[in-house]
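Notes for the one structure printed next.
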Amino acid sequence: MNPDLNRREFIKASVATGVSAPLFSPALTAQNRATRPLVISSANNHIGADGKFLNGGINCVTRAMEILKAGGDTLDAVIAGVNLVEDDPLDDSVGYGGLPNEDCEVELDSCVMHGPTRRAGSVASLKNIKNPSKVARLVLERTDHIMIVGEGALRFALKHGFKREDLLTESSRKLWLKWREELNPQDNWGPSWHRTTKGKQISQANLSKDELAFNSYAEERLRNRPTGTINCLAVNANGDLSGVTTTSGLAWKIPGRVGDSPLIGCGLYVDNEVGAAGSTGRGEECIYINGGHTIVENMRRGMGPTEAALDAIKRIAARYENNLDELRKFDINFYALNKKGEYGGATLWGLRDDGKRNSFALHDGKEARLIDCAYLYEKK
Ligand code: ASP
């Protein structure tokens with residue numbers, strides 16, 4: 001049994017919710033031997049628009065560990081890790097290729113925290129810059145501000161020599177178009193598919209084989225509102241900590257909407273004396289409970305990372321009085337590690353919409369692997 005989570009407590013929590021929460025999560029057995037250096041991140045593993053499987057989290061923690069092993073700073077490590085995912089056009093929830101807002105513009109959010117210097121930097125609603133995490137870092141390093149947003153953040157980045165780029169990939173544009181066309185049957189947009197009276201789908205356009213393949217990928221991807229973000233946390237051999245969170249935010253958001261990811265204390269919090277925590281999933285829910293800060297404070301009061309993260313999930317569920325019909329409308333995940341190098345992840349739903357287990361990526365200095373998150377409820 002994982003020492004991090006007292007089993008009786010966990011059962012009590014499950015029973016109190018009155019629903020089929022698991023009595024024993026497999027995630028609770030396999031983790032949390034303290035080890036330093038250590039890097040964890042969200043899993044970011046799913047099928048990309050090209051039909052291939054993405055392993056963003058594993059790539060991220062592997063890159064970050066290389067830097068830690070070479071003696072690099074924890075902030076350098078986590079930022080270099082997530083840069084791989086920001087640069088990847090096939091991860092449509094982060095950086096280049098991120099899914100756009102309702103006006104079909106990509107808007108990115110990110111924040112960073114550096115434990116040893118106790119400093120933070122953040123940008124939100126940033127357009128046309130591929131690596132918002134690097135801009136967030138510049139806010140930390142080159143200003144006495146913490147957060148810069150929108151047009152100001154873009155101008156700040158350009159003045160620091162960043163290149164203005166078009167971040168919308170063909171596949172993100174096409175997903176947006178499909179979402180837009182299917183939004184309202186009464187407006188003037190699409191859909192490109194029509195149903196006959198017998199329920200058979202026919203196309204009004206002459207679609208190529210590639211377009212047909214893309215349509216079936218899009219249907220899968222759009223079944224639920226697409227989510228994603230990457231959060232990465234690291235502790236080095238000395239026990240110094242840093243973290244970063246970076247995202248294109250909620251797909252099809254109202255322009256200017258900001259989620260939890262760039263908010264210090266929500267999508268990320270680091271306290272070099274205690275630990276670090278971050279989140280992915282429905283940002284509004286994380287903001288309501290100040291997820292990152294809540295988890296670090298839980299750890300300060302003696303909880304292990306898994307228990308601290310699961311407590312944050314329970315607080316979110318409690319806002320809805322554990323009403324499953326309400327909770328089924330979203331996903332939320334937390335990741336945490338402490339100064340000793342213990343780690344954990346917790347999620348509202350054990351199983352993702354694609355049927356895979358909700359997990360997080362870890363590199364313990366020997367190997368990178370995925371670990372199942374502890375969860376409050378098994379399935380949506
Ligand atoms: N947390 C991000 C946001 O709400 C999105 C996500 O992780 O899916 O902006």
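Counting starts at 1 for both ligands and their atoms, in listed order.
- In terms of hydrophobic clustering, with Ile, Leu, Val, Met, Phe, Trp and Tyr side chains grouped at heavy-atom distances under 4.5 Å, Ile148 and Met113 are assigned to different clusters.
- With a 4.0 Å cut-off on non-hydrogen atoms, Glu285 does not touch ligand 1 at all.
- Under a 4.0 Å criterion applied to the non-hydrogen atoms of Ser261, ligand 1 contributes the atoms 1 (N), 2 (C).
- Ring geometry, Tyr269 versus His293: the interplanar angle exceeds 60°, so the pair is classed perpendicular (tilted spans 30 to 60°).
- Nearest protein neighbour of atom 8 (O) of ligand 1, counting heavy atoms only, is Gly228 N, 2.7 Å.
- Looking only at heavy atoms of the protein, atom 5 (C) of ligand 1 is closest to Thr229 OG1, 3.3 Å.
- Listed by number with element, the atoms of ligand 1 under 4.0 Å from a non-hydrogen atom of Asp260 are 1 (N), 2 (C), 3 (C), 4 (O).
- In terms of hydrophobic clustering, with Ile, Leu, Val, Met, Phe, Trp and Tyr side chains grouped at heavy-atom distances under 4.5 Å, Leu183 and Leu175 are assigned to a common cluster.
- If you check the side chains of Thr280 and Thr229, you find no donor sitting under 3.5 Å from an acceptor.
- Residue Arg257 places a heavy atom less than 4.0 Å from ligand 1.
- Residue Thr280 approaches ligand 1 through these ligand atoms, each under 4.0 Å from one of its heavy atoms: 7 (O).
- Taking the side chain as every heavy atom from C-beta outward, Tyr335 and Pro305 never approach each other to under 4.5 Å.
- In terms of N/O distances under 3.5 Å, ligand 1 is not approached by Gly249.
- Residue contacts with ligand 1: Gly259 is placed with no nitrogen or oxygen under 3.5 Å of a nitrogen or oxygen of the ligand (distance criterion only).
- Taking SG of Cys111 as the reference point, atom CG of Leu263 lies at 7.5 Å (rounded to 0.5 Å).
- No side-chain donor from either of Asn358 and Asp372 sits under 3.5 Å from a side-chain acceptor of the other.
- Against a heavy-atom cut-off of under 4.0 Å, Leu250 is close to the following atoms of ligand 1: 9 (O).
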